[in-house]
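All values reported here derive from a predicted model rather than from experimental measurement. Order of appearance sets the numbers: ligands from 1, and atoms from 1 within every ligand. Reckoned from all heavy atoms, side chains included, excluding hydrogens, waters and symmetry mates.
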Amino acid sequence: MQRLLRLELHWQVLMAMLLGVAFALTFGQVSWIDGLAEIFLRLLRMIIVPLIFTSIVHGVAGIGGGSHLGRLGLKTLLYYSLSSFLAICVGLILANTLRPGAGVTDFGNTEFSPEDLEAPASLAETLIRLVPLNPVAAAANFDILGLIFFSLCLGAALSGMSGAQGDRMRSFFDGLFELVLRLTLMVIKLLPIGVFALIARAVSSLGLGVAAQVGKWILTLSLGLAIHLFVVLPLVFFLLTRKNPFAHYRAVGSAMAMAFSTSSSAATLPVSLTAVRDRAGVSDRVSSFVLPMGATVNMDGTALFECAGALFIAQALGFELSLPAQLAMVLTAFLASVGAAAVPSAGLVMIFIVLEAIGLTDPRAYALVGLMLGVDRPLDMMRTTVNVTSDTVGAAIIAHSEGEELNY
Ligand code: ASP
């Protein structure tokens with residue numbers, strides 16, 4: 001037991017995952033496991049709002065001055081767009097060559113209507129909603145983008161505050177951030193137990209009944225996500241830092257495992273922040289800026305999913321997409337990934353935006369989304385892992401470009 005506890009966190013988490021799978025296969029659905037998984041998720045959600053608020057205010061105040069902030073913001077935006085568009089290209093190429101939708105003839109009798117899902121907001125609406133009416137309400141309603149916006153503004157104001165008052169306020173926020181981080185580390189100590197319960201719950205409730213119809217879709221998406229995770233992102237990382245990308249993956253392994261178990265980039269944020277900071281050696285000022293924003297808007301796996309998913313549906317319906325329609329699809333796949341909430345299955349909801357952009361509003365398209373919903377959980381686990389990994393890769397690349405020394 002002592003030796004087990006001394007193992008590195010990512011090994012503990014990996015063992016917990018295997019144990020979770022074995023447990024679910026042996027005992028099936030067990031109610032106390034569901035309860036344990038729920039408690040762990042609630043603990044994570046409990047710290048997300050304080051963590052985002054304190055880390056961004058403290059991080060942005062530490063960046064100092066508008067031009068530094070602007071430079072970091074620009075780099076972050078460039079990386080987010082580049083990585084998402086690369087992911088979309090992978091999805092586009094794979095779905096066009098493997099044609100996962102080609103053989104689908106039976107759309108199943110999955111009763112499904114888009115009204116069952118929360119309607120996705122349009123882009124203009126998302127942009128307007130970026131500015132919260134009331135920061136306290138934004139925090140209380142888990143409006144992460146609104147909270148980020150307010151925290152960025154407060155951090156920028158704090159960085160410009162001079163004199164003794166300014167120093168006092170800055171050291172207050174430094175202390176507050178350290179405090180919330182301590183709390184985060186306490187929750188992260190429970191990570192192996194949480195992962196065990198989450199994986200056991202996910203495996204025991206997998207709906208694989210419809211897997212045969214969409215088998216090729218599952219394979220295409222898994223292959224696309226694997227190519228982005230193991231070829232494209234490592235290549236981008238290596239080209240921009242000249243460092244071993246897999247050493248980075250080892251450092252952030254616990255965040256990747258967490259993303260896989262929770263299917264939520266937001267719930268993973270506490271783990272990715274601590275892994276990137278403590279194990280990869282990225283400074284607070286960079287990680288506090290890049291990661292919370294990345295968790296909400298940078299979703300490579302989701303972008304790939306939106307594009308390949310829309311093509312899958314189009315192929316199944318025998319709907320040929322012209323070049324302009326494919327271009328519109330690329331753009332809306334990107335926007336849909338930006339707008340997707342960092343919670344389970346959010347990506348599937350956003351696919352309606354892409355379908356609408358390419359004129360696919362046929363009721364059979366909705367039936368197909370219903371079919372996809374049946375097998376979405378494992379795919380969501382994979383795309384969330386890609387989403388979170390890309391955020392951490394971005395944080396390391398930007399830290400490197402700012403002259404920071406990484407730990408590998
Ligand atoms: N679950 C994903 C995430 O939180 C979003 C998605 O459904 O694609 O990153």
Protein contact of atom 7 (O) of ligand 1 - nearest heavy atom, named by residue and atom, plus distance | Gly347 N, 2.8 Å

So, the side chain of Asn298 versus the backbone of Met293: is there a donor-acceptor pair under 3.5 Å, distance only?
-> no

Hey, does the Lys NZ or Arg CZ of Arg45 hover above the aromatic six-ring of Phe142, less than 6.0 Å from the centre and inside 45° of the axis?
-> yes

Atoms of ligand 1 less than 4.0 Å from Thr302 heavy atoms?
-> 5 (C), 6 (C), 8 (O)

Considering only non-hydrogen protein atoms, determine which one is nearest to atom 2 (C) of ligand 1 and report residue, atom name and distance to 0.1 Å.
-> Thr384 OG1, 3.3 Å

Is the backbone N or O of Val386 less than 3.5 Å from a side-chain atom of Ser390, with the two atoms forming a donor-acceptor pair by type?
-> no

Is the shortest heavy-atom distance from the side chain of Leu92 to the side chain of Asn96 under 4.5 Å?
-> yes

Please state which part of Ala340 comes within less than 4.0 Å of ligand 1, counting heavy atoms only: side chain, backbone, both or neither.
-> neither

Distance-only, no hydrogens or angles: does the Tyr249 side chain make a donor-acceptor pair with backbone N or O of Leu229 under 3.5 Å?
-> yes

Which ligand 1 atoms are under 4.0 Å away from a heavy-atom of Ser345?
-> 7 (O)

Relative to atom 1 (N) of ligand 1, which among Asp380, Val388, Asn298 owns the nearest non-hydrogen atom?
-> Asp380

Please work out whether any backbone atom (N, CA, C, O) or any side-chain heavy atom from C-beta onward of Val343 is under 4.0 Å from ligand 1, and answer side chain, backbone, both or neither.
-> backbone

Ser265: numbered ligand 1 atoms lying under 4.0 Å from its heavy atoms = 3 (C), 4 (O), 9 (O)

Side chains of Phe85 and Val330: closer than 4.5 Å at any heavy-atom pair?
-> yes

